[in-house]
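The next block holds one structure in the form of structure tokens; read it before the comments.
Here the structure is a predicted model, which is why all the values come from computation and not from measurement. Just the heavy atoms: all of them, side chains too, but no hydrogens, waters or symmetry mates, feed the values below. Naming convention: chains lettered A, B, ... in sequence-line order (proteins, then strands); numbering from 1 in each chain.
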Amino acid sequence: MDLPVTLDHGDLVDPPDAAPVVPTLEARRVGAWFGDHQILEDIDLAMAPNTVTAIIGPSGCGKSTFLRVLNRMHELVPGASLAGEVLLDGTDVYGRGIRPSSTRLHIGMVFQKPNPFPTMSIRENVLSGLKLAGIRRPDHDGLVEQCLTRAGLWNEVKDRLGRPGGALSGGQQQRLCIARSLAVEPRVLLMDEPCSALDPSSTRRIEETIRELGTEVTIVIVTHNMHQAARISDVTAFFLGDQDRPGTIVECGPTTELFSTPNDPRTEDYIQGRFG
Amino acid sequence: MVSALADAPVAPSPERRDLHDTPTVGDRVFRTVVTGAAWSVLVVLGLIGTFLSLQAWPALHDAGRHFFTVFEWDPDGTGRFGIAAVLAGTVTIALLALVLALPVSLGTALFINEYAPKRLYGALTMLIDLLAAIPSLIFGMWGLTYLQPHLEGTSRWLSDHVGFVPIFSTNRPVFGSSMFVCGLVVALMIVPIITSVTREVLSQAPRATCEAALALGGSRWGMIRRVLLPYGRSGIVGASMLGLGRALGETIAIALILSFNYRITAHVLEPGGGSIAGLIANSFPEAGDAGRHALVAAGLALFVLTLAVNTVARIVVRRSAPSRQVVL
Ligand SMILES: Nc1ncnc2c1ncn2[C@@H]1O[C@H](COP(=O)(O)OP(=O)(O)OP(=O)(O)O)[C@@H](O)[C@H]1O
Ligand SMILES: [Mg+2]
């Protein structure tokens, strides 16, 4: 675990003799509001290249909102506003002249609730990102197979790729959505509780994929499953907040340290299941 | 455990059971009421069809197949009459109206749903519904007195510059009182209803699905084209059919504007043409006995045409959107 990570103070802690690494994605002093209701306050978090960052925290503390701030989905909600910066490879994605669509193409997202395209077949769903972003790529068949395999869905659907994507079970739909977001080869992949609707074996397949992808893609995953966070992530950030207090990062560090020797008693309580 | 199961005598697996519902009294009353309402629609439709058929029978019997081939309308005098020309005119005007109205309606609906600022949203929605309620007579008068004179230039320009498209070519440089003007006025009349229904349908698209398209790096237009419009397709076809139904049956505006003649022409910019509904409105008051039967026969043809258009549209929608049934 020799990766540079951000502590809750926001300063980079490098291993003694390594050159400082520019984070792929970095949130700087991010705040978020829905109308007058502040959801997030002063969030600093840096995601180093090709690491898996887990975000944990009680329901309603703003984890999904944070992910949506990262790829500019937050602004689609009427009345939503934000503060701070989000840097992708050092460039502010909210900067002037930056198109949201190109940011979202680089920062893919798997939503908390599965949302396949009901009017498209399974195959079309996987390829939909290419069509939407106008990307040309040879060998669509190979890509479909590869993405569906990585999402752990290929064996179940390989004989019915022409069937509508909406006709799958909830867990299958979620894996289809994962395959869909892999097809455009994002630099960063945001996953909002991707396994909450999955059975243990699909979950294992997705976790393998996350580990596998972790060598090429920077991944941020929200999860309520502490074991999952411990298994797959390099860095864990613990968010805390509720209806009255905007969400902040209580503690952030290498996953092994955060789970074995948390600095903040609230982190320990949460991990032990004493609240949240 | 497994082997014990395998060795045990195999009991036949149980038969499938019938499923019963035991409704409450309230449920039963409600069910009766709504069933009655549904049937009454069918009964009215049946009564109209029967009435039309009975009243049209003498005329249809006299005219025989000439009813569909003759280009004249003189049932009380020479006794020669047929709907060939007015039927063609009806279809021409209605299609013209639909072609003009559909893009405008779709654009308006998309603007209101996807682009309009929140303040405008309510106002525009209300305005569209208000427009839909304006009587067609008003549209007709406005078309006759204002639009027609002002469209002469447009018609001439179309004829001069786009005349190579057959329907815009003209034999005589006389414009006005044409099917083109009628089509335009009818288009304006059906824009509100198509817009209103389309907007409603598109606003039902799940936000999460649209967000998925944007999150994949799609532009707003890409999302609309690849996700929203396919989602709303059957609803848009339905809205168009509603509009087409209105256009086919539109009477007053056409009766006011068009100078009837009984020829089939594709030259929509020239004066002349006709429509079944316009014909009935124009001729019914002065018609004799034979004339009335003939007009009812024309009405029956319009009735059948509308039913056919709607049925075909339903079939098209069902064929083309199998996935909708699963998801919605
Ligand atoms: N579209 C919205 N409009 C207004 N408030 C919202 C909206 N979406 C979320 N919120 C509020 O923002 C807060 C944070 O929500 P968020 O979805 O980010 O929580 P979360 O940490 O992802 O929770 P969970 O673990 O249950 O998914 C909640 O209090 C919620 O009520
Ligand atoms: Mg959430």
Side-chain angles (χ1 to χ4, degrees), chain A residues 67-68 70-79 99-122 124-135 162-168 173 176-177 180-187 189-192, chain B residues 106 110-125 198-199 201-238 316-328:
Chain A
L67 284 198
R68 291 171 61 91
L70 294 180
N71 72 340
R72 298 196 63 170
M73 295 301 288
H74 180 63
E75 68 205 61
L76 295 176
V77 178
R99 260 194 219 112
S101 58
S102 74
T103 299
R104 296 183 194 128
L105 182 61
H106 293 303
I107 308 180
M109 181 165 213
V110 177
F111 292 79
Q112 193 163 357
K113 290 191 210 115
N115 51 2
F117 299 124
T119 54
M120 297 184 196
S121 67
I122 293 172
E124 287 165 341
N125 259 284
V126 177
L127 297 172
S128 58
L130 300 183
K131 289 257 171 60
L132 279 161
I135 305 172
R163 294 273 308 279
L168 297 170
Q173 290 186 13
L176 180 60
C177 293
R180 177 176 73 183
S181 59
L182 294 179
V184 291
E185 297 185 352
R187 306 252 295 101
L189 189 57
L190 312 175
M191 308 179 99
D192 198 348
Chain B
L106 209 53
L110 285 173
F111 171 75
I112 296 177
N113 272 359
E114 299 295 324
Y115 293 98
K118 218 174 169 193
R119 288 174 294 113
L120 271 180
Y121 180 89
L124 280 174
T125 312
T198 303
R199 193 201 61 73
V201 168
L202 293 181
S203 73
Q204 300 296 319
R207 224 50 239 172
T209 312
C210 300
E211 283 197 345
L214 295 174
L216 280 166
S219 60
R220 197 160 273 267
W221 159 235
M223 180 271 282
I224 289 171
R225 187 162 68 111
R226 304 220 178 249
V227 177
L228 200 55
L229 291 182
Y231 171 89
R233 183 172 48 189
S234 60
I236 296 169
V237 173
V316 168
V317 169
R318 193 158 307 164
R319 286 263 166 83
S320 63
S323 50
R324 286 289 300 272
Q325 294 159 6
V326 182
V327 180
L328 296 180

Residue, of [options], that accumulates the most heavy atom pairs under 4.5 Å with chain B:
| options | result |
| --- | --- |
| A:V184, A:L76, A:I107 | A:L76 |
| A:E124, A:K131, A:H106, A:M109 | A:K131 |
| A:L130, A:N71, A:L105, A:L132 | A:L132 |

Does the A:Q173 side chain pair with the main chain of A:N115, one donor and one acceptor, at a distance under 3.5 Å?
no

What donor-acceptor contacts under 3.5 angstrom involve side-chain atoms of residues 115-125 of chain B, with partners at least two apart or in another chain?
{"from": "B:Y121", "atom 1": "OH", "to": "B:R199", "atom 2": "NH1", "distance (Å)": "2.9"}
{"from": "B:T125", "atom 1": "OG1", "to": "B:Y121", "atom 2": "O", "distance (Å)": "2.6"}

What distance do [X] atom [atom1] and [Y] atom [atom2] have between them, rounded to the nearest 0.5 Å?
| X | Y | atom1 | atom2 | answer |
| --- | --- | --- | --- | --- |
| B:I236 | B:L202 | CD1 | CG | 5.0 Å |
| A:S128 | A:L176 | OG | CG | 8.0 Å |
| A:R68 | A:F111 | CZ | CZ | 6.0 Å |
| B:L110 | B:I224 | CG | CD1 | 5.0 Å |
| A:H74 | A:R72 | NE2 | CZ | 11.5 Å |

For [X], is it the side chain, the backbone, both or neither that has a heavy atom under 4.5 Å from a heavy atom of chain B?
| X | result |
| --- | --- |
| A:F117 | both |
| A:P116 | backbone |
| A:R180 | both |

Could you list which of residues 208-216 of chain B have a heavy atom closer than 4.5 Å to any heavy atom of chain A, in residue-number order?
B:A208, B:T209, B:E211, B:A212, B:A213, B:L214, B:A215, B:L216

Proximal component of B:R220, with respect to chain A [non-hydrogen, under 4.5 Å]
side chain

Taking C-beta and beyond as the side chain, do A:T119 and B:R233 meet within less than 4.5 Å on heavy atoms?
no

Write down the atom of A:S181, the atom of A:P186, and the distance for their closest heavy-atom approach.
O-CD, 3.4 Å

